Amino acid sequence: MLVAAIMDIVTSNCECVEKESFKPWLPGNAEMRDIAAAVQVIEEGDMHLDEGERNDDDDDGGRGMKGIGIKILEGTTAIGLSRTTEHMTLDHSNDTPSELDMDTPRTLALMNKHGSSVEQANLSAAVVPGLWDDLHSQHVAVPFAAWALANWAMASEINRTHIEELDQDGEAVMCALLAPERSVKWHGSLVARLLLEDHNLPLSDSVSDWASSLLSTASHASKNEDISLSQMALSAFIVAVERSHQARRTVMEKGLELMRVTAKRTSKHQQVQEALAKALELLSTEDSHLSIEESQKWCGILLSWVFGKYSSNEIRSSAIRILSCILEDHGPSSVPISQGWLALLLNDILVSSKASSVKEGIDKVKTQIDQSNILSAGQTANQLAVGVVSMAGNWLTGSVDTSPLADLLSLDPFAGPYKNLKKDNPPKLDVSDSALATLKGIKALTGICAEDSLLQDKITDLGLLCLLRRCLLRDDYEKLAAIEAYDASRAPEAQERVSSTEGEVSPSNTNNPSSVRVPPTAHIRRHAARLLAILSLLPKVQKVIAADEAWCKWLEDCADGKISSINDLKIRSYARAILLNVICHQQIGIDSINSGPENGSRDGTSICPSYDDMIFLINPERPHWKCPGKDQSSVQKDKSSSNEVDTTNSDSTAVTQVSDVADSSKSFNVSNNDSDSEIPQMDIVFVHGLRGGPYKTWRIAEDKSSTKSGLVEKIDEEAGKLGTFWPGEWLSADFPQARLFSLKYKTNLTQWSGASLPLQEVSSMLLKKLVAAGIGSRPVVFVTHSLGGLVVKQMLFKAKAENMDDLVNNTVGVVFYSCPHFGSKLADMPWRMGLVLRPAPTIGELRSGSPRLVQLNDFLRRLHKRQMLQVLSFCETKVTPIVEGYGGWAFRMEIVPIESAYPGFGELVVLESTDHINSCKPLSRSDPSYTETLEFLRKLKAQYT
């Protein structure tokens with residue numbers, strides 16, 4: 001008998017298959033009759049016994065045993081067992097038969113007789129669970145046939161072709177999948193997978209039935225915690241839905257619930273979850289898509305895959321792609337899903353940021369800011385969770401427990417509000433409240449991650465880009481508000497019909513459509529663009545945006561002002577900055593591959609500028625906003641002949657690199673058709689002051705003679721809401737040879753409105769961002785207001801100390817509007833009343849006679865004396881209202897007197913009838929505050945370019 005040897009082969013083969021080494025143990029040129037026999041056995045469920053008389057030539061030695069087996073390898077018995085109606089006794093010492101009970105499986109008796117204890121141990125420890133158990137039964141033919149068929153299928157393409165020819169209707173595979181034996185299901189799944197993976201074979205008409213059976217097998221196996229069988233069945237299931245449109249349609253109609261059940265049962269088994277995620281991705285992202293109800297049912301599992309601790313990168317990627325399709329397919333109806341995604345993301349980041357904050361905790365002020373951001377983010381996360389549950393409750397038509405979103409609402413951040421939803425009269429939130437929670441969520445994420453590259457990387461991996469893309473390119477909340485207004489307008493009609501039917505007087509209209517609030521969609525879009533600008537410095541984000549043609553087209557149209565619904569200058573600046581980050585870094589990567597790495601600038605900075613959210617590009621539609629090459633148009637001042645030579649060389653290479661990048665950017669649908677004459681010759685950087693902003697500080701007030709301000713914290717809040725943004729509308733036209741930038745940084749007058757960094761930290765942060773953006777590679781002029789002048793002086797001081805010579809040497813001029821060079825009376829007041837006003841750290845540095853201010857002014861004086869830069873100063877002459885009272889009463893003061901506004905060198909312009917806030921807001925193009933600045937810039941251009 002060859003049974004023991006055959007069983008060794010089976011066991012070894014099972015181990016190989018289970019470990020996916022796929023080493024077949026049967027030949028690759030099997031005979032058709034052998035494969036046909038195996039197919040017949042599987043279809044019929046057994047083998048016909050060889051009836052006949054005793055014959056000494058039989059395989060059993062003429063002992064009257066009836067053979068059951070498959071003849072392969074040209075007649076050699078490779079799989080064969082025998083059984084007889086006679087009783088046998090086993091005697092291991094003399095091999096004499098002994099009687100066994102009739103119920104004892106003949107297979108077991110043969111194994112005991114011909115196999116050693118070691119062999120039996122190996123057999124019982126076979127890696128494929130169930131095969132040994134199946135062989136203990138009297139019906140052993142089908143398990144062996146399934147095993148043989150799987151081995152033949154693995155062995156060669158010829159064998160697979162024969163199997164397909166002999167089983168064209170797929171009946172044998174289907175019988176194997178439906179067989180009661182576990183090993184038959186396992187090997188049947190493997191055969192199905194191998195046949196489906198062979199694209200040279202015609203696709204069987206039974207593939208959709210296979211897919212259903214495979215999914216049923218996987219689900220049943222998961223119920224029994226048979227993970228190995230579940231994995232094998234799902235691996236074949238994936239190929240089935242990948243290749244067959246009919247299989248996808250069948251599963252979408254009947255199998256999604258079974259997939260969800262399996263996913264919940266195997267939440268801790270990564271490989272099964274990967275298979276389910278891959279299968280669902282194939283089902284929902286190809287020609288079929290999930291309905292809104294199915295999307296809601298799946299979103300809890302999908303978001304668990306995104307944030308789960310057992311999730312691999314493959315699971316997370318599949319889940320994110322599926323969720324992205326759901327948001328695209330169902331738009332406003334998917335808002336609870338997208339908002340739930342944002343809430344979970346914010347909660348996850350909060351955990352990481354808290355741990356990071358505890359570890360760092362060195363800088364007291366920075367720690368205070370981080371803790372403030374974390375506290376605010378925690379409150380926002382709760383608001384988001386309430387918003388998700390409330391919106392789900394608004395759309396609920398039946399029982400709370402039967403809601404399609406029940407799985408989502410059972411997750412941690414929503415569980416508490418979800419319990420309240422089941423109570424009577426839960427709080428209702430409208431679309432505007434939900435949109436406001438989303439806005440706060442995006443702002444909270446930005447505040448936490450803005451300066452933390454690790455957290456930026458993490459939120460990118462958790463799918464934030466899908467949410468940001470949705471916020472930018474679509475108007476889901478506006479559409480929901482329109483639906484809400486329509487429903488409100490129809491409500492009175494419905495009430496009137498009901499009242500007339502019942503003979504009652506209709507109640508007063510409480511659902512007035514005019515009472516529906518407009519959601520802050522524009523603000524959501526602005527802060528989404530801001531966060532995307534920060535993330536666009538990451539290479540992985542650049543690749544995603546570059547590959548998305550629709551997104552690039554939207555960014556280009558937005559930057560060019562071609563989207564009528566977007567007039568926000570900040571959004572347009574962010575859009576251009578994102579495109580520059582993406583295009584330039586992608587091109588630099590290509591160039592580095594083709595020609596090797598290039599040297600950076602003398603400051604050690606990258607040859608590719610990087611723009612983040614604190615640097616705004618004025619007039620981003622202008623043609624000079626290209627991806628500049630290394631030291632593009634850099635013109636060093638006439639300090640030595642060597643500098644002149646270096647400058648000439650850098651000029652000649654700059655034009656070539658700009659042209660190269662312009663060519664490359666065409667693949668992103670970005671129009672770059674500049675000529676060399678349009679290359680900007682100078683950079684002008686606007687820096688606002690205390691409580692100012694990158695745009696509002698430079699807008700012309702409606703009434704320059706009287707600045708309205710409610711409290712001391714809002715000195716520049718209302719004055720710049722409306723009016724002309726003169727740098728973008730006037731200066732860019734009158735001085736087109738320059739790129740215009742505007743900086744943003746956080747400042748507070750007191751600590752009541754939040755923590756802010758001291759002057760040194762603010763300047764260091766801005767300096768780093770300016771250098772990264774390539775500012776300083778050509779002549780640069782800073783135009784500053786109030787505290788902004790001190791920020792620039794501190795930046796230049798630090799740049800000199802750290803040998804950032806490009807920025808220091810190329811700074812050719814500074815314009816100071818009401819800069820407190822020697823301190824401000826406004827800073828003296830809260831400092832004296834510190835217990836009441838709690839002055840911010842920056843305010844303490846603005847006190848009159850501050851040694852730090854004197855040191856910075858002496859530094860700038862030396863630069864001016866060496867003719868390295870020119871200075872133009874403006875001085876206010878009118879008191880500024882600080883706190884207004886009833887009856888027109890107001891507390892007014894002179895914030896920066898002339899003795900502090902003039903640094904002691906350079907030109908000074910005294911502005912008549914102009915207060916502190918409006919000193920940088922010219923009334924017209926003939927106003928001295930504009931004409932003097934324009935003339936100053938023209939002189940610098942003539943001198944240094």
Side-chain angles (χ1 to χ4, degrees), residues 446-447 450-451 526 529-530 533-534 537 568-574 576-578 580-581 605 609-620 625 680 682-699 716 720 725-728 731-732 738-748 756-799 804 806-808 810-820 842 856 869 920-921 933 937:
T446 305
E451 301 298 327
R526 176 196 293 177
R530 179 192 173 193
I534 295 172
L537 297 176
D568 193 314
L569 296 181
K570 289 184 177 180
I571 298 179
R572 293 178 56 193
S573 172
Y574 290 139
R576 178 61 67 195
I578 294 165
L580 289 172
N581 290 336
T605 58
S610 300
Y611 303 99
D612 74 353
D613 67 315
M614 301 183 74
I615 298 180
F616 290 89
L617 316 181
I618 299 176
N619 290 347
W625 286 114
M682 182 179 289
D683 288 339
I684 302 176
V685 183
F686 290 82
V687 187
H688 67 80
L690 189 65
R691 296 291 294 173
Y695 290 94
K696 66 180 181 181
T697 293
W698 313 102
R699 288 188 184 277
D716 206 13
F725 177 60
W726 65 266
L731 189 61
S732 62
R739 296 188 307 175
L740 306 183
F741 298 88
S742 188
L743 303 187
K744 181 192 73 173
Y745 60 98
K746 183 179 180 181
T747 60
N748 290 315
S756 60
L757 292 172
L759 179 63
Q760 287 88 345
E761 280 74 6
V762 169
S763 301
S764 297
M765 180 175 59
L766 290 177
L767 174 62
K768 179 181 177 181
K769 296 179 183 298
L770 285 175
V771 172
I775 297 175
S777 61
R778 59 168 62 85
V780 57
V781 178
F782 290 97
V783 180
T784 70
H785 176 245
S786 189
L787 177 65
L790 301 181
V791 170
V792 169
K793 291 163 78 172
Q794 176 64 39
M795 279 196 299
L796 294 175
F797 183 86
K798 185 174 181 62
M804 296 183 180
D806 280 357
L807 180 61
V808 177
N810 276 331
T811 300
V812 298
V814 183
V815 178
F816 296 108
Y817 285 100
S818 297
C819 175
T842 305
L856 292 178
L869 59 78
C920 60
K921 303 178 188 296
T933 297
L937 292 172

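The shown structure was predicted, so the numbers you read here are calculated from the model rather than taken from an experiment. All residue numbers refer to positions in the sequence shown, counting from 1. Note that these values count all heavy atoms, side chains included, but never hydrogens, waters or copies made by symmetry.
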Colleague: Backbone N or O of V780 within a donor-acceptor pair of the D683 side chain at under 3.5 Å?
Modeller: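 No; zero donor-acceptor contacts below 3.5 Å.
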Colleague: Shortest non-hydrogen contact from L766 to M795?
Modeller: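 Minimum heavy-atom contact is CB-SD, 3.7 Å.
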Colleague: Nearest 0.5 Å please: distance from the CG atom of L787 over to the OG atom of S818.
Modeller: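 The distance works out to 12.5 Å.
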Colleague: Step through the shown structure and confirm whether more than 12 heavy atoms of other residues, nucleotides or ligands are within 6.0 Å of NZ on K769.
Modeller: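 It does: K769 NZ has more than 12 such atoms within range.
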Colleague: Looking at residues at least two apart in the chain, or sitting in another chain, which of them share a side-chain hydrogen bond (donor to acceptor under 3.5 Å, both in side chains) with S732?
Modeller: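 Checked S732 against side-chain hydrogen bond (donor to acceptor under 3.5 Å, both in side chains); matches are N619.
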Colleague: Can you list everything that forms a side-chain hydrogen bond (donor to acceptor under 3.5 Å, both in side chains) with Y817? Sequence neighbours excluded, please.
Modeller: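 Checked Y817 against side-chain hydrogen bond (donor to acceptor under 3.5 Å, both in side chains); matches are T933.
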Colleague: Roughly how far, to the nearest 0.5 Å, is the CD atom of E451 from the CG atom of D612?
Modeller: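 Nearest 0.5 Å value for the CG-CD distance: 7.0 Å.
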Colleague: For K744, what residues pass the side-chain hydrogen bond (donor to acceptor under 3.5 Å, both in side chains) criterion, not counting sequence neighbours?
Modeller: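 Per chain and number, K744 pairs via side-chain hydrogen bond (donor to acceptor under 3.5 Å, both in side chains) with no residue.
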Colleague: What are the two closest heavy atoms between A773 and P609, and how far apart are they?
Modeller: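 Distance-wise, the nearest heavy atoms are O-CB, 3.3 Å.
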Colleague: Measure across G789 and C819 and return the closest heavy-atom pair with its distance rounded to 0.1 Å.
Modeller: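 Looking at all heavy atoms of both residues, the closest pair is CA-SG, 3.8 Å.
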Colleague: To the nearest 0.5 angstrom, please state how far the CZ atom of R526 sits from the CG atom of D568.
Modeller: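 Here the interatomic distance stands at 4.0 Å.
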Colleague: Given side chain to side chain contact (heavy atoms under 4.5 Å, CB included), test V815 with T784 step by step and report yes or no.
Modeller: CA-CA 6 Å; V815 178; T784 70; 5.9 Å; no
Colleague: Is there a donor-acceptor contact under 3.5 Å from the side chain of N581 to the main chain of Y611?
Modeller: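 Here the side-chain-to-backbone pair exists.
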Colleague: Can you name the residues that form a side-chain contact (heavy atoms from CB on, under 4.5 Å) with A738, not counting sequence neighbours?
Modeller: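 Only M682, I684, F735, L740 meet the side-chain contact (heavy atoms from CB on, under 4.5 Å) criterion with A738.
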Colleague: Does any N or O in the side chain of R778 come within less than 3.5 Å of the main-chain N or O of P680, such that one atom is a donor and the other an acceptor?
Modeller: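 Checked: pair present.
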Colleague: I want to check something: taking the side chain as every heavy atom from C-beta on, are T697 and C920 in contact at a cut-off of under 4.5 Å?
Modeller: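 Yes; the side chains approach each other to less than 4.5 Å.
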Colleague: Give the minimum heavy-atom separation between I534 and T446, together with the two atoms involved.
Modeller: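 It is CD1-CG2, 3.7 Å.
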Colleague: Considering all heavy atoms of both residues, which atom of R530 and which atom of D613 are nearest to each other, and what is their separation?
Modeller: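 Result for this residue pair: NE-OD2, 2.7 Å.
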Colleague: Give a yes or no on whether the ring-centroid distance for Y695 and H688 is below 6.0 angstrom.
Modeller: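 They do not qualify: ring centres at least 6.0 Å apart.
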Colleague: With rounding to the nearest 0.5 Å, note down the distance linking OG in S573 to NZ in K570.
Modeller: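 Here the rounded value is 10.0 Å.
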Colleague: Checking L731 against L937 for the side chain to side chain contact (heavy atoms under 4.5 Å, CB included) test, could you report, in this order, the C-alpha distance in whole Å, the side-chain angles of both residues, the deciding distance, and whether it holds?
Modeller: CA-CA 10 Å; L731 189 61; L937 292 172; 3.8 Å; yes
Colleague: To the nearest 0.5 Å, what is the distance between CE on M765 and NZ on K746?
Modeller: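 Here the rounded value is 10.5 Å.
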Colleague: Taking atom CG of L796 and atom CE of M804, what is their separation to the nearest 0.5 Å?
Modeller: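 Reported to 0.5 Å precision, the distance equals 11.5 Å.
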Colleague: Mind running side chain to side chain contact (heavy atoms under 4.5 Å, CB included) on D806 and S777 for me, showing each step along the way?
Modeller: CA-CA 6 Å; D806 280 357; S777 61; 5.7 Å; no
Colleague: Just to verify, what does F782 make a ring pair (Phe, Tyr, Trp, His ring centres under 6.0 Å) with, not counting sequence neighbours?
Modeller: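 Here no residue qualifies.
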Colleague: Check side-chain contact (heavy atoms from CB on, under 4.5 Å) between S742 and all other residues, then give those that pass, not counting sequence neighbours.
Modeller: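 Checked S742 against side-chain contact (heavy atoms from CB on, under 4.5 Å); matches are F616, I618, F686, P694, W698.
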